[in-house]
Asker: 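Handing you a structure now.
A, B, ... follow the sequence lines: proteins, then strands. Residue 1 opens every chain.
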Amino acid sequence: MNYTKQIQDIAAKLFAEGKIDVFVGYRMNGFDDNQVPVLITDPQDVSKLVFTDKSVFNLVNYLKSDHTRRKRVGLVVKGCDSRSLNLMLTESQVKRQNLYIIGIACEGVVDDAGQKMQNCTECVVPDAVVFDELLGGTLSGSLTLTGSKPYQVNADVTALAAMPLTERAAYFEEVFENCIRCNACRHSCPLCYCAKCCIDQETATLYNGANTTSSAFHALMTWSLHLAGRCVDCRNCEKACPSHLPLHLLHKQNESVIYENFQEHLAGVIPEDRGAFYKYSLKDPDDFIM
Amino acid sequence: MNFSTFVTDKAGLHKFYEDIMASHETFAPVEKFGKFDFKKVTSLSECDPESPIAKTLSIKPLFFPRSAKVMKYVATSSGTDVSETDEDHLAGNRVILGVKHCDARSLQVLDKVYNWDYIDTDYQKRRENTVIVSTRCDKAETHCFCTSLDYDVENLDALDVVVVNGTEGKIYIKARTEKGETFISGMNIDNRLSKNEWRKADDKTAGEIKTQYESFAGSFRLKMDYKEVNEKLSKIFDTPEFENVSGNCISCNTCAFVCPTCHCFKISDEKVKDTGVRYKSYDSCNNGYFTLMAGGHNPRPVKYRRWRQRAMHKFVYYKERFGVNLCVGCGKCTISCPVNISIFEVVNQVSAASMQE
Amino acid sequence: MEKLLVPTICKVDKVIQETPDIRTYRLKFREEGLMEKFTFLPGQFVEFSLLGSGECTFCIASSATRKGYFDCSIKKAGVVTADIQNSIEEGDEVGIRGPFGNWFPLDDIKGKNLLFVGGGIGLAPLRSLIQYCIDNRSDYKDFTILYGARTSADLCYKDEIKEWQDNKSLKIMLTIDKPEDTWKDNVGVVPKILEEVVKPVIENTKVITCGPPIMIKYTIQSLIKLGFADKDIITTLEMKMQCGLGKCGRCNIGSTYVCKDGPVFTNEQLKMLPDEF
Amino acid sequence: MEAEVKDQLVSIEKPGLIAPPNWEPVIMGILCNWCSYAGSDLTGTSRIQYPPNIRIIRVPCSSRVDPWFLIKSLQTTADGVLVSGCHPGDCHYISGNYYARRRFLVTKKLLNFVGFHENRIQFSWVSAAEGPKFAKVVAKVTDDIKKLGPLHLYKKENFEKK
């Protein structure tokens, strides 16, 4: 997967036509094969842009930044990124007319070790679902919603769910104990766009900023429930976590419950489709309620 | 003052470590989820004193806890009682193993801020009752640039006891401070190990250690002229370059939390009915409401200003105030950064841009 | 340092409603004998904590020359200040740490004419110095106070202002931003009145000013236009602070810690700082 | 004999921790104003006995229940939570409880996933006319939670049970 040339051409064209003020893409970090997101405002810098299977970070995050606010933005999105963008559009966080979206029919990105990321091996929507231009793929121009792969519950979630309750409790206690409350997970999430997070409110009775296991539990649970039915599994949070916590477990658990019980809902796949908690069906399961 | 140096080998070193664990409260890097954090250990099998810098969190939390309980209070009908809490790690002698020299160095840097004017007695106590056994790296990692900052390669490792890997499986154990010297002699290691395994350094040792240092200093990818950068940065507060370089920062605060020298904190209360606890926990200047005042005035309302504050505090302000550089060049922020921003690159880019103006 | 962060309990002796959103809390230490040991100078601040809600920085609004108590004037602005106003009544207990920071240069202003320019809640730190100067009146020459607020209802310390108006040894001028029916004094923003009505003597005069950031900015501009030297203009800065001990890093402006090196600065010092306050 | 069994009651999530003798669970009951709260009122006025372990909080609608109400209760005093609202279709606000139902399922499963026993978080639909049902529900929930032992997970400062 290498769309460097095409993206450079498109970006140069957009700048030449005056369609965008800033282009958000990736560049090489200059010494190894890792990449750094880059916000290009000068058309001369377009040659810096690259796109390979090391283009991991979800760039939709930059739509919440000071640097793109009220500007016309060109943006590269992979399958999962485009789903989060779709949600941001649906939730009125960005205006569609201000964006020029280059969608990628993604073949999966790799981690530091060169292994395909877990979320990519399980991905059911690899193609961008919202775009002005789609690169790669055979069906360019039309949507390939669920691809050919059936939805699978995350392997780690299945493994944990099979564990006895006490072991699972002990495992998660370790997870929350190792959280250092830096909130990087939240800041790196494209869908956590609130100006002030509820977890940061200075209301001592509800939340506090202390770094204890209980406050980490509170913060991460609240966070994951706010993203339930909206998380697109881009794993920005996991990349950002300095303690390498398996944060995807919480999200994938919610995702699987939602997929299985609420009419196969997948966040952000269908345009104008809001999160799973913003709608309901009369057929929703009722058997767990007395 | 001359401190003693000992020569040993891998087995001798491990015995030395195990002796320490048997007799002291010991902290060492323990792996959890692929990342090492300093935790209490009792045997060598639990930990890895040679953990790579890239995967190890700093030792800062052992001196400046991630969350310290400041006080507790109980409100009763007869009045409010405020009590100090007994903080951990204040009593007893602690030893920290497997500290990288940049981490050890960071404590010397932090000493300055904690000991000016109001003295942080808890920090001081923790410093006093802790012996640091640091390890000299053999080779620089990708993002290291400690040799580029304002100390020479001989004096990078300033604290207590230093373990240096020599050639032919030799390992040198150097005392660097008086505390380290008394610590080693207090361990009585010679009684338990044979002459072959543990002996005093001879004339050649100093030369061998020097060679190791030189090969270490030669392995750096990143090098900068610190004096020049410092001088330039101090003059370019208003450069628009800061806005450019901060563009791809997502203000996630990770850098501050993993940084061994970042020392900003917040004070927060946790209240339940009539009782409550006050915590002092980490905070970051990259946080949008770090300086936001009630009423809405914010001196650093936009990202590039906060970024500038962080870079300038690291490379200019602290030096101006306390005489040392706040950055120790460990590269932890760069490694942890989700978007791979390198502070080294940024600082150089900004100062280079100022040259062109 | 945790010990330095533990507050001492104070009792609220009196609550005075100054304006609709400003209240003055008169505090005394609960423990006997502590009040005598609590020495402070005008311009210093304390960390005021409502236990269970949080901690805020307030300047001491009274002078140590008035013995037996100290005042904090609090305007409802954020979460904690709102909590304070909603929940603290006379007889309640609050936590106090301090005093912190530097103070007005009392030696420098001795034997000089003094001009106080205050706006809104900004009179609070000035009040501390004004009380101090009134109690040592013989040390100072002319004594002028210019105080402005948005409306007449927003003027703080109305009782005390009346006292000052009756005091023949000082001159006080009040102003409000917009005309009101019953208002007979000046109308207009502080810098305008300063230039047009007060017309201060420049020689041998020290100006002490405090108010909202925007007011300070324009006041300093007009003072300089009137011909005051930078070193004669003294102001107090406001920054977010949490520890007050020069550790938590919130109040940094360049390498200056406002909580230790400030909050009182002369304009000369302010010019040396990066523009980030 | 019975006392002995009680003495050995352990926390189901943390088998190392034994409940104190004569331990009684605390259950947070979050009831919707229009149906369940009225239902509980009816239980009282009809003089039907139900266990006193429940502490009731009234909310306007079951969809007012933010998942962190449950999290917070479990982190503080409560050993279990019961949320109750109108029957599907009977919501005073037409569709509130349908939205709530989705959230409840996900929250329950997530809390169970991170180590809470599923019986600690329970839901019920109780209408204003179902006084006896309310008593039955509370009895069942109390009974369930009594079997699970005290909750020891992620308790906040001051709530850590010794």
Asker: Contact part of B:D238 toward chain C, heavy-atom cut-off under 4.5 Å: side chain, backbone, both or neither?
Answerer: neither
Asker: Let's test your reading of the structure: which of B:Q124, B:R300, B:H263, B:M71 forms the most heavy-atom pairs below 4.5 Å with chain C?
Answerer: B:R300
Asker: For B:R278 and C:L5, run side chain to side chain contact (heavy atoms under 4.5 Å, CB included): C-alpha distance rounded to whole Å, both residues' side-chain angles, the deciding distance at 0.1 Å, then the answer.
Answerer: CA-CA 9 Å; B:R278 179 164 292 172; C:L5 292 172; over 6 Å; no
Asker: Might you point out which heavy atoms bring C:K247 and B:V113 nearest each other, and give the distance in Å?
Answerer: NZ-O, 3.1 Å
Asker: Measure C:M241 against the heavy atoms of chain B and call it side chain, backbone, both or neither at under 4.5 Å.
Answerer: neither
Asker: Would you indicate whether C:K260, at its atom NZ, is surrounded by more than 12 heavy atoms from other residues, nucleotides or ligands within a distance under 6.0 Å?
Answerer: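 It does: C:K260 NZ has more than 12 such atoms within range.
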Asker: Would you say the side chain of C:L51 lies within less than 4.5 Å of the side chain of B:T80, judging by non-hydrogen atoms?
Answerer: yes
Asker: Taking the six-membered ring where the residue is Trp, are the ring centres of C:F100 and B:Y118 under 6.0 Å apart?
Answerer: yes
Asker: Determine the option with the most heavy-atom pairs under 4.5 angstrom with chain B, choosing from C:G78, C:P213, C:G246.
Answerer: C:G246
Asker: Which heavy-atom pair separates B:Q309 from C:N252 by the least distance, and what is that distance?
Answerer: NE2-CB, 3.7 Å
Asker: Top residue by heavy-atom pair count (under 4.5 Å) with chain B, among C:E55, C:E93, C:K75?
Answerer: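 Heavy-atom pair counts peak at C:E93.
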Asker: Non-hydrogen atoms of chain B under 4.5 Å away: do they reach the side chain of C:I9, the backbone, both or neither?
Answerer: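 For C:I9, the side chain is the part near chain B, not the backbone.
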Asker: Please look at B:Y73 and chain C and tell me whether the side chain, the backbone, both or neither of the residue comes under 4.5 angstrom of a heavy atom of that chain.
Answerer: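 When you check distances to chain C, only side chain atoms of B:Y73 fall under 4.5 Å.
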Asker: To check you understand the geometry: which heavy-atom pair defines the closest contact between B:D81 and C:R30, and what is its length?
Answerer: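 What the structure gives for the nearest pair is OD1-NH2, 4.4 Å.
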Asker: How long is the straight-line distance from CG of B:D269 back to CG of C:L50, given to the nearest 0.5 Å?
Answerer: 8.5 Å
Asker: Should the heavy atoms of other residues, nucleotides or ligands under 6.0 Å from OH of C:Y218 be counted, would the total exceed 12?
Answerer: no
Asker: Within this structure, what is the CE-CZ distance for the pair B:M293 and C:R250, rounded to the nearest 0.5 Å?
Answerer: 12.0 Å
Asker: Would you say the side-chain atoms of B:E320 pair up with the backbone N or O of C:S255, donor to acceptor, closer than 3.5 Å?
Answerer: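 No, B:E320 side chain to C:S255 backbone: no donor-acceptor pair under 3.5 Å.
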Asker: Using heavy-atom distances under 4.5 Å, tell me whether B:K319 contacts chain C through its side chain, its backbone, both, or neither.
Answerer: neither
Asker: I'd like to verify something: which residue of C:P212, C:G254, C:G249, C:C56 has the highest number of heavy-atom pairs under 4.5 Å with chain B?
Answerer: C:G254
Asker: Atom SG of C:C248 and atom CD1 of B:I267: how far apart are they, to the nearest 0.5 Å?
Answerer: 6.5 Å
Asker: Need one label for B:H297: side chain, backbone, both or neither, based on atoms under 4.5 Å from any heavy atom in chain C.
Answerer: side chain
Asker: What's the separation between atom OH in B:Y317 and atom OG1 in C:T256, rounded to the nearest 0.5 Å?
Answerer: 9.0 Å
Asker: Looking at every heavy atom in both B:F265 and C:C243, which two are closest together, and how far apart are they?
Answerer: CZ-CB, 3.7 Å
Asker: For salt bridge (charged side-chain N to carboxylate O under 4.0 Å, His left out), just list the numbers for C:D261 and B:R321, CA-CA rounded to whole Å, side-chain angles, deciding distance to a tenth of an Å, and then say yes or no.
Answerer: CA-CA 12 Å; C:D261 309 328; B:R321 184 91 202 191; 2.5 Å; yes
Asker: When you compare the side chain of B:P299 with that of C:M239, does any pair of heavy atoms fall below 4.5 Å?
Answerer: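 Yes, close enough: below the 4.5 Å cut-off.
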